[in-house]
There are 2 protein chains.
Amino acid sequence: MEQLLNWEERLKNKGIRCTKQRIAILKILITSDTPISAQEIFSQLDDSNSKVRLSTVYRNLNQFVAEGIVRKLNFADQKNKFELVDDHHHHLVCLECDEVRPLECPLEQFDNQLSTKTGYKIIEHRIKFYGLCPKCQENKES
Amino acid sequence: MEQLLNWEERLKNKGIRCTKQRIAILKILITSDTPISAQEIFSQLDDSNSKVRLSTVYRNLNQFVAEGIVRKLNFADQKNKFELVDDHHHHLVCLECDEVRPLECPLEQFDNQLSTKTGYKIIEHRIKFYGLCPKCQENKES
DNA sequence: GTTACTGCAAACGGTTTGCACTGTC
DNA sequence: GACAGTGCAAACCGTTTGCAGTAAC
């Protein structure tokens with residue numbers, strides 16, 4: 001959990017106060033190895049007897065997104081999920097069990113080509129692969 | 001609008017009835033050269049004095065998606081948008097004016113590689129590029 | 001002490017649903 | 001004539017907001 005100090009640092013540098021609630025949310029984001037919804041964060045907070053309102057979770061997540069600390073991802077179901085911004089990567093999602101796996105970027109140089117071709121200034125790209133994970137393939141066969 | 005006949009055909013083949021409402025929705029989807037939200041379809045229907053309820057629009061869009069006739073796209077804002085499924089392509093979105101431009105796929109063979117590498121059965125992938133279109137870049141400078 | 005932040009409750013907006021009626025096949 | 005599809009109104013659920021009280025700096 002030494003990472004937490006880095007993130008607290010980042011908050012302070014941006015002039016954002018380090019409240020208990022924000023630290024608790026950051027902790028969960030750091031611990032989670034997959035994108036996580038506001039609701040999921042909320043229930044994990046509930047478990048750990050630190051009482052934080054759902055609206056607070058949303059407010060802070062949105063602020064983190066605005067500050068570029070957190071990325072908001074919209075998946076096929078209606079729920080948005082959030083992850084810490086550290087490296088550039090993409091996601092492979094199992095359509096059966098919703099497991100999300102990070103993937104390295106197969107389009108490293110492509111943005112420049114695209115920019116030349118279209119005249120757009122490319123700011124970011126997002127890729128999602130959808131499929132069936134090995135486990136769920138097995139389950140389907142049996 | 002000769003395309004419309006093809007789509008009607010596709011509905012019939014799937015045993016879906018060709019109601020006025022469905023035809024009207026299909027027409028709008030065919031005419032639109034960019035993904036379009038349920039609300040937008042609804043207002044266009046309203047203009048053309050064919051009265052269709054918003055819930056009917058949603059019900060039919062969902063059915064079309066289930067039948068593989070229409071693709072549902074989730075963009076960064078909360079609204080989902082829909083487009084007819086005809087070819088495989090991706091989207092380039094302007095963050096200022098929300099213009100959506102189709103793009104050919106830069107990852108034609110990648111799915112196979114990924115499948116070998118991860119053991120996943122890859123069913124589809126979606127890519128979105130976000131940036132500023134030439135017009136909006138100009139506007140920002142001035 | 002100031003002012004950003006939180007709790008709380010209520011609103012909001014996109015989407016879905018239940019039910020009686022209607023129109024397609 | 002049967003049954004899928006529609007209109008209508010109400011519910012649903014993720015998310016946002018207004019306001020008064022609280023805590024970080």
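These numbers were taken from a predicted model, which means no experiment stands behind them. Throughout, protein chains are lettered first and strands after them, A, B, ... in sequence-line order, and every chain is numbered starting at 1.
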Undergrad: Any side-chain N or O of A:Q63 under 4.0 Å from OP1/OP2 of C:dA4?
TA: no

Undergrad: Whole angstroms only, please: what is the CZ-P distance between B:R59 and D:dA9?
TA: 14 Å

Undergrad: Using the closest heavy atom to pick a nucleotide of DNA chain D for each, name whichever of B:V52 or A:Q21 lands nearer the 5' end.
TA: B:V52

Undergrad: Tell me whether B:E124 is salt-bridged to B:R126, with the criterion being a basic N under 4.0 Å from an acidic carboxylate O.
TA: yes

Undergrad: Counting only side-chain heavy atoms from C-beta out, which of C:dT15, C:dT3, C:dT6 sits nearest to A:N60?
TA: C:dT6

Undergrad: Nearest-Å distance, CD1 (A:I16) to P (C:dT3)?
TA: 19 Å

Undergrad: Tell me whether the OP1 or OP2 atom of D:dT16 has a side-chain N or O from A:N62 closer than 4.0 Å.
TA: yes

Undergrad: C:dG14, C:dT24, C:dT6: which one has an atom nearest the side-chain heavy atoms of B:T19?
TA: C:dT24

Undergrad: How many Å lie between NZ on A:K51 and C1' on C:dC8, as a whole number?
TA: 15 Å

Undergrad: If you check the B:T56 side chain, which of D:dG7, C:dT3, C:dC25 turns out closest?
TA: D:dG7

Undergrad: Can you tell whether the side chains of A:E99 and A:R101 come within less than 4.0 Å, N to carboxylate O?
TA: no

Undergrad: When we call it a touch if two heavy atoms are under 4.0 Å apart, what does B:S55 touch: a base, just sugar-phosphate, or nothing?
TA: base

Undergrad: Report yes or no: is there a donor-acceptor pair, N or O only, under 3.5 Å between the side chain of B:R22 and the base of C:dG23?
TA: no

Undergrad: Among D:dC25, C:dT24, D:dG14, which nucleotide sits nearest the side chain of B:R17?
TA: C:dT24

Undergrad: Can you check the A:N74 CG to D:dG14 P distance for me, whole Å?
TA: 15 Å

Undergrad: Among the clusters formed by ILVMFWY side chains lying less than 4.5 Å apart, do B:I41 and B:L11 turn up in the same one?
TA: yes

Undergrad: Which part of the nucleic acid, if any, lies within reach of A:L54 when heavy atoms closer than 4.0 Å are counted: base, sugar-phosphate only, or nothing?
TA: base

Undergrad: Would you say the ring centroid of A:F110 lies under 6.0 angstrom from that of B:F129?
TA: yes

Undergrad: Just how far, in rounded Å, is P of D:dC13 from CZ of A:F42?
TA: 15 Å

Undergrad: So, is A:R53 near the phosphate of C:dC8, with a side-chain N or O under 4.0 Å from OP1 or OP2?
TA: yes

